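For clarity, every value in this text was computed on a predicted model and none was experimentally measured.
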Amino acid sequence: MVSKPGGATVKPDDFYRLYALHMQAVQGDITTERPMWAERGGLDFEGRARWDAWSALRGTDPAKARLRFVKLFHEFSPGALYKDTRAAVLEPAAATAAAATVAPVAGGK
């Protein structure tokens, strides 16, 4: 995340490149106006970054946008696109579940 004035944050540029290629492939050229204000006041840095990236692809064929998206997506390492934090949350629960299982009684049926 990149900090902006007023406490706003935006994602890295590569996120917006992927977003723009996806939107161009799915919906074609952008038809909305560039956003100015955020819902809670202040400039909408996030919306403007998304709009700028998608607007830069105006006129790009959706099929070409799909191919460029796939190529760009596969250039990233998995850690750059997705960080799985579920293991840290699930580890205590898994330990509790393992302790709660009942061991079979020796010689019992």
Please walk me through it: do Leu57 and Met23 pass side-chain contact (heavy atoms from CB on, under 4.5 Å)? CA-CA 10 Å; Leu57 295 176; Met23 295 304 288; over 6 Å; no
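The environment of CD in Glu75 is crowded: more than 12 heavy-atom neighbours from other residues, nucleotides or ligands sit within 6.0 Å.
Counting all heavy atoms, side chain and backbone alike, Asp44 lies closest to Trp37 at CB-C, 3.6 Å. For the residue pair Ala25 and Ala65, the shortest heavy atom distance occurs at N-CB, 3.8 Å.
At a threshold of 4.5 Å between non-hydrogen side-chain atoms, the residues Ile30 and Trp54 count as touching. Between Phe15 and Arg50 the shortest side-chain heavy-atom distance falls below 4.5 Å.
The CZ atom of Phe69 sits 11.5 Å away from atom CZ of Arg17, with the distance rounded to the nearest 0.5 Å. Note that CG of Asp13 is 11.5 Å distant from CG of Leu18, once rounded to the nearest 0.5 Å. The line from NZ of Lys64 to CG of Leu21 is 13.0 Å long, rounded to the nearest 0.5 Å. Taking CG from Leu72 and NE2 from His22, the interatomic distance works out to 14.0 Å, rounded to the nearest 0.5 Å.
Side-chain atoms of Asp29 come within 3.5 Å of backbone atoms of Gly59 as a donor-acceptor pair (strictly under, hydrogens ignored). Remark: the backbone N or O of Thr60 is paired with a side-chain donor or acceptor of Gln24 at under 3.5 angstrom.
There is no path of hydrophobic side-chain contacts, each under 4.5 Å, that joins Val70 to Leu67.
Inspection of the Glu46 and Tyr16 side chains reveals an N or O donor paired with an N or O acceptor under 3.5 Å.
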